[in-house]
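These notes are about the structure you will find just below.
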Amino acid sequence: MRIALSTGGGDAPGLNAVIRAATFAARRRGWDVVGIRDGFNGLLFPDQYPEGGVVRLDASNVRGIGHLGGTMLGSTSRGNPCHYPVRAADGEVTYVDRSVELVQRFRDEGIDALISIGGDGSLAIAQRLFEEGMRVIGVPKTIDNDLDRTLVTFGFDTAVEIATESIDRLFTTAASHSRIFVVEVMGRNAGWIALYSGVASGAHVILIPEIPFTYASVARAIERREAGGAHYTIVVVAEGAAPKDGSQSVVEHAVDHAERLGGIGHTVAEELTHLTGKEARTVVLGHLVRGGTPMAADRLLGSRFGAAAVRALDEGQNGVMVALNEPNVEYVSLADAVGRLRTVPMDCDTLLAGRELGTSFGDD
Ligand code: F6P
């Protein structure tokens with residue numbers, strides 16, 4: 001048995017714990033393990049990797065990596081092999097599906113099965129490879145925690161911890177200067193990171209994509225605080241949040257011109273200064289919440305998922321994703337898991353708790 005590991009999409013704290021656990025669990029069974037560099041690029045573009053696009057994994061290179069952030073295999077959020085951009089001489093871009101070619105490359109390398117570690121995009125690629133005859137197990141990863149078929153994804157707890165700690169630090173400087181601080185956090189179209197870190201830190205306003213807000217409502221919350229003698233306000237805004245009568249804020253990538261979410265924090269600060277006359281500053285936490293050392297919870301979940309993915313293969317599973325359903329790790333169909341994003345429901349207990357504590361969500 002020869003298995004391959006691949007990490008795709010944005011990195012998340014805990015990826016190395018998955019790689020380490022899956023490698024040890026597979027080696028204990030006497031299987032060969034390889035890692036593919038940068039998502040699937042190591043297989044699709046082997047010439048770009050003089051040291052090899054496919055690397056052998058064993059104790060010598062995965063030992064002691066579980067506590068490290070990032071991914072030792074590298075990752076990419078660009079160049080989906082199932083929707084691969086090809087630029088013609090006149091600049092026109094067309095898209096081709098390279099999944100059949102990719103499955104052939106796995107066969108050329110003598111790889112029997114793939115453990116694909118990724119978020120919704122990478123797991124959709126894994127499902128496509130499964131449909132093309134590849135033996136595949138998915139492992140859910142994302143700091144955004146927006147995958148519906150697992151209780152939680154690894155990376156989320158660390159992202160919430162770093163965001164909370166950062167917001168804590170802004171409280172003291174905001175109070176000292178009687179300022180508004182707007183903290184923009186990642187999370188794509190789900191408000192989990194903003195909601196959890198906002199409630200944990202005691203932020204006064206939390207704006208999430210699931211609840212369209214109005215600037216007037218946020219300004220009223222600030223004015224209520226001022227009237228009560230609190231001359232500073234902490235606003236946590238998810239990158240995907242949008243005002244009721246507006247759209248999400250995006251910025252264009254300088255190289256490939258792809259759009260990504262970002263910029264709402266600055267707009268919120270400007271609007272609030274305009275409405276309240278108070279000084280407002282913006283802090284964009286960005287990639288800080290997904291870099292660096294994973295918390296114990298993410299190392300543990302990564303280790304459990306890595307071991308469970310190998311166990312799944314040993315049990316003859318195929319086309320499934322490992323998923324947390326405490327106290328167990330279960331298998332759910334990959335087809336079922338992809339394309340089902342979990343956003344914050346309006347009856348979410350943490351949201352209700354925030355409301356009961358007097359937090360403004362910009363909608364009253
Ligand atoms: O999905 C993880 C995530 O960090 C999102 O929260 C964010 O929108 C996106 O990735 C950023 O991606 P990139 O690092 O490719 O800009």
Side-chain angles (χ1 to χ4, degrees), residues 6-15 18 38-41 69-71 73-80 83 85 116-126 138-150 152-164 166-167 183-198 206-210 236-242 247-267 283-292 294-295 298 301-302 321 337-344:
S6 155
T7 55
D11 66 309
L15 276 168
V18 181
D38 302 338
F40 297 108
N41 286 352
T71 159
L73 295 175
S75 189
T76 176
S77 324
R78 315 236 177 273
N80 177 348
H83 190 67
S116 175
I117 311 157
D120 190 53
S122 307
L123 294 176
I125 297 170
V139 175
K141 160 243 66 162
T142 168
I143 61 164
D144 306 334
N145 198 29
D146 60 357
L147 294 179
D148 192 43
R149 299 304 305 273
T150 180
V152 72
T153 50
F154 67 87
F156 176 65
D157 279 333
T158 303
V160 170
E161 182 68 28
I162 301 298
T164 303
S166 309
I167 299 164
V183 190
E184 180 184 314
V185 296
M186 284 184 165
R188 230 180 270 264
N189 293 311
W192 295 110
I193 299 176
L195 177 65
Y196 275 43
S197 61
I206 302 173
L207 305 176
I208 58 176
E210 295 83 350
V236 178
V237 58
E239 62 178 357
S247 48
Q248 287 180 319
S249 204
V250 290
V251 287
E252 199 180 294
H253 192 276
V255 179
D256 63 7
H257 304 292
E259 284 186 341
R260 61 177 174 77
L261 292 170
I264 184 70
H266 291 286
T267 311
V283 174
V284 179
L285 294 184
H287 295 81
L288 275 177
V289 303
R290 74 181 209 206
M295 282 179 54
D298 286 328
L301 188 55
M321 179 185 91
V338 297
R340 290 177 51 150
L341 291 192
R342 183 179 50 218
T343 51
V344 178

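Sequential numbering from 1 along the given sequence is applied to the chain's residues. The model shown is predicted, which means the values in this text are computed figures rather than measured ones. All ligand and atom numbering here is 1-based and tracks the order in the structure.
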**Asked** Has G119 got any heavy atom lying under 4.0 angstrom from an atom of ligand 1?
**Response** no

**Item:** Inter-residue atom distance D157.CG - T164.OG1, 0.5 Å rounding
**Value:** 10.0 Å

**Prompt:** Which residue and non-hydrogen atom of the protein lie closest to atom 9 (C) of ligand 1, and at what distance in Å?
**Reply:** R188 NH2, 3.6 Å

**Item:** Minimum-distance protein heavy atom relative to atom 3 (C) of ligand 1
**Value:** R290 NH1, 3.4 Å

**Message:** I'd like to know if the side chain of D298 reaches the main chain of F154, judged simply by a donor and an acceptor atom lying under 3.5 Å from each other, with no hydrogens or angles considered.
**Reply:** no

**Asked** Nearest protein heavy-atom contact for atom 15 (O) of ligand 1: which residue, which atom, what distance?
**Response** S77 OG, 3.5 Å

**Which residue and heavy atom of the protein sit nearest atom 1 (O) of ligand 1, plus the separation** = D144 OD2, 2.7 Å

**Asked** So do L261 and R188 actually touch side chain to side chain, heavy atoms under 4.5 Å?
**Response** yes

**Asked** Is it true that a side-chain atom of T7 and a backbone atom of G74 form a donor plus acceptor pair closer than 3.5 Å?
**Response** yes

**Request:** Out of R260, E239, H287, H253, indicate the one that has the non-hydrogen atom closest to atom 8 (O) of ligand 1.
**Result:** E239

**Message:** Tell me whether D146 contacts the main-chain N or O of T343 through its side chain, where contact means a donor paired with an acceptor under 3.5 Å.
**Reply:** no

**Prompt:** Is it true that a side-chain atom of E184 and a backbone atom of G286 form a donor plus acceptor pair closer than 3.5 Å?
**Reply:** no

**Prompt:** Does I143 approach ligand 1 within less than 4.0 angstrom via side chain, backbone, both or neither, non-hydrogen atoms only?
**Reply:** side chain

